[in-house]
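This report refers to the structure that appears directly beneath it.
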Amino acid sequence: MDSRRNFLQKLGLSALAINLAPVTGWAKNKPVISDKPYDGPVLRVAMVGIGTYGNIVARALQASTKAKLVGVVSGTPSKVKDWQTKYGIPDKNVYNYDNFEDIKNNPDIDAIYFTVPNFLHQPYVLRGAKTGKFIISEKPLGRNAKEAQEIVDGCKKAGVKLLVGYRMHFEPKNLEIIAMRNAGDFGKIKYFTGNGGFRIGDPTQWRLDREKAGGGSMMDIGIYAVNGARYMVGEDPIWVTAQEPPKSDPVKFKEGVDETIMFQMGFPSGAVASCLSTYAMNNVDRFLLIGERGYAELNPANGYGPLKGRTNKGDLKAVSPPMQQTIQMDEMAGIFLEGKSPIVPVDGEEAVKDAKIIDAVYEAVKTGKKIPLKLS
Ligand code: NDP
């Protein structure tokens, strides 16, 4: 618990008033603080891919109560050495991309978390499913709905539970807005907007390679507005329209790699969403939900935290964690080990729905047509 406390203090949690006593979980959007150490089941996780996001999740796991980092799969021995020192990972829990199916025979690992580029989600998750361990894949689950469905089917066939790294689905301020919406605080929901983006750099990175990313900003950033619209409005869309303005840099943003897309979605209740996904503008990170009686706003909405937000009644009250991935991992441990049901689903089927919407956004851009959606 000491390292956890040090970690929280390093993150400057004093303002959140949870730096003195151990946090043993999260309930009703607030940290549960207890002097009794947590003694329930702990999910022992092996991370796959020591990249930007793998490092973030590994750091967040240091503060997790119900999950811990015990193993690693990587193609880069120097990074592995660093992680072994930093996180105390024993040699017997280290794997590479040729032998990670051997995790099947490792009783010290419960779950495998894939933080590799998008094109490797499908082949690696399907191989990982053969181990019989719990699986977490990063978003987007696949480069398109077909690939995402193949992952879901493969995991089902192997009898393993699959979750997708949708960290926002556990974020307390998002959940506070959903609770207020359910209580009728905003009245009938009419409108949602989700704007997300940043200016992307290095033109040689996999995110700007259609084969490796599956597309451009929509796969990386637009997906937050896609699933955000679904959980904020509380419905699945029935149609999509979309537009792509001319690209600013045709070398960086080649055919099939979108720089900026505006997309709209219509919901069965008549609510509409109007969203922006971009690799061309910095500091774009906002959700706005509007009903007949009021609104809720998050800005920032999808950053790693803490988020800020308000409604027409005042500031949101839920305590935003310093790193959402800590709550995500605690909650995912609860789903895997205790059969808990999340408020907003994070399973493969949810990710297939998002992939179908993104496929439809690309089709709408290409054809200029309104694309009907049938998500279930
Ligand atoms: P990076 O490129 O920073 O890291 C990916 C890592 O995957 C590499 O460092 C490498 O680790 C491993 N890898 C294995 N094979 C390859 C290959 N052929 N090419 C490149 N890397 C390879 O990517 P990110 O960490 O930014 O993204 C990884 C995934 O996480 C993506 O799917 C992305 O969408 C998702 N993501 C999710 C976020 C969220 O908030 N939920 C935020 C950011 C990313 P090694 O050297 O150890 O083998």
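In each ligand, atom 1 is the first atom listed, and ligand 1 is the first ligand listed. FYI, the numbering just counts along the sequence from 1. Since we're looking at a predicted model, the values are computed, not measured.
Among the atoms of D220, none of the N or O lies under 3.5 angstrom from an N or O of ligand 1. Ligand 1 has a nitrogen or oxygen under 3.5 angstrom from a nitrogen or oxygen of I50. In terms of polar-atom proximity, defined here as any N/O pair under 3.5 Å, Q325 makes no such contact with ligand 1. Residue G75 places at least one N or O, backbone or side chain, under 3.5 Å from an N or O of ligand 1. Where the criterion is an N or O separation shorter than 3.5 Å, residue side chain and backbone included, L120 fails it with respect to ligand 1.
Screening K374, K356, R230 for a salt bridge (charged side-chain N to carboxylate O under 4.0 Å, His left out) involving D236 leaves a single residue, R230. Checked options T260, I261, D258, L208; the residue passing with Y279 is L208 (criterion: side chain to side chain contact (heavy atoms under 4.5 Å, CB included)).
The T76 neighbourhood of ligand 1 comprises atoms 45 (P), 46 (O), with distances under 4.0 Å to a heavy atom of that residue. Here is the list of ligand 1 atoms found below 4.0 Å of a heavy atom in G165: 41 (N). Atoms of ligand 1 lying under 4.0 Å from any heavy atom of Y304, numbered from 1 in the order shown and given with element: 40 (O), 42 (C), 43 (C). Per-residue contacts place F119 under 4.0 angstrom from the following atoms of ligand 1 (heavy atoms of the residue considered): 18 (N). Close approach of ligand 1 to S74 (heavy-atom distance below 4.0 Å) involves ligand atoms 45 (P), 46 (O), 47 (O), 48 (O). The atoms of ligand 1 that sit less than 4.0 Å from any heavy atom of K79 are 9 (O), 11 (O), 45 (P), 46 (O), 47 (O).
H121 counts as a contact of ligand 1, since one of its heavy atoms falls under 4.0 Å from the ligand. For Y224, the heavy-atom gap to ligand 1 drops under 4.0 angstrom. Within the structure, the closest approach of F114 to ligand 1 does not fall below 4.0 Å when heavy atoms are considered. Proximity of Y97 to ligand 1 is established by a heavy-atom distance of less than 4.0 Å.
In this structure, atom 2 (O) of ligand 1 lies nearest to the protein heavy atom W206 NE1, 2.8 Å. The protein non-hydrogen atom at the shortest distance from atom 34 (O) of ligand 1 is K139 O, 2.8 Å. Ranking the protein heavy atoms by distance from atom 32 (O) of ligand 1 puts N118 OD1, 2.7 Å first. Scanning all protein heavy atoms for the shortest distance to atom 30 (O) of ligand 1 gives E138 CG, 3.3 Å. Nearest protein heavy-atom contact of atom 4 (O) of ligand 1 is G51 CA, 3.2 Å. Nearest non-hydrogen protein atom to atom 29 (C) of ligand 1 is V116 O, 3.3 Å. The nearest heavy-atom contact from the protein to atom 25 (O) of ligand 1 is Y53 N, 2.8 Å.
Only the side chain of R167 comes within 4.0 Å of ligand 1, counting heavy atoms alone; its backbone N, CA, C and O stay farther away. Contact annotation for T52 and ligand 1: heavy atoms of both the backbone and the side chain come within less than 4.0 Å of the ligand. When heavy-atom distances to ligand 1 are checked against a 4.0 Å cut-off, R207 comes that close only through its side chain, counted from C-beta outward.
Put simply, CZ on F287 and OG1 on T193 are 9.5 Å apart, with the number rounded to the nearest 0.5 Å. Rounded to the nearest 0.5 angstrom, I103 CD1 and I112 CD1 are separated by 4.0 Å. Atom-to-atom distance recorded for Q325:CD and R59:CZ is 9.0 Å, nearest 0.5 angstrom. Interatomic distance, D153 CG to K146 NZ, rounded to the nearest 0.5 Å: 11.0 Å. Atom-to-atom distance recorded for K66:NZ and M332:CE is 14.0 Å, nearest 0.5 angstrom. Atom OG of S320 and atom NZ of K308 lie 10.5 Å apart (nearest 0.5 Å).
H169 is linked by a ring-ring contact (aromatic ring centres under 6.0 Å, His included) to Y166, Y231, counting only residues two or more places apart in sequence or in another chain.
Other residues, nucleotides and ligands contribute only 12 or fewer heavy atoms inside 6.0 Å of the CG atom of D39.
Taking each of P140, G214, P117 in turn, the one with a heavy atom nearest to atom 19 (N) of ligand 1 proves to be P117.
S277 and S217 are linked by a side-chain donor-acceptor pair at a separation below 3.5 angstrom, with hydrogens and angles left out of the test. Between the side chains of N106 and Y95, a donor-acceptor pair is found at a separation under 3.5 Å.
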- Task: Starting from the C-alpha separation in whole Å, work towards a yes-or-no answer on side chain to side chain donor-acceptor pair (under 3.5 Å) for Q264 and T241.
- Result: CA-CA 5 Å; Q264 303 78 37; T241 50; 2.6 Å; yes
- Message: Could you walk me through whether E171 and N302 satisfy the side chain to side chain donor-acceptor pair (under 3.5 Å) test, starting with their C-alpha distance in whole Å, then the side-chain angles of each, then the deciding distance to 0.1 Å, before giving a yes or no?
- Response: CA-CA 10 Å; E171 198 285 321; N302 298 138; over 6 Å; no
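M180 and L175 fall within the same hydrophobic cluster, where Ile, Leu, Val, Met, Phe, Trp and Tyr residues are linked whenever their side-chain heavy atoms come under 4.5 Å apart, directly or through other members.
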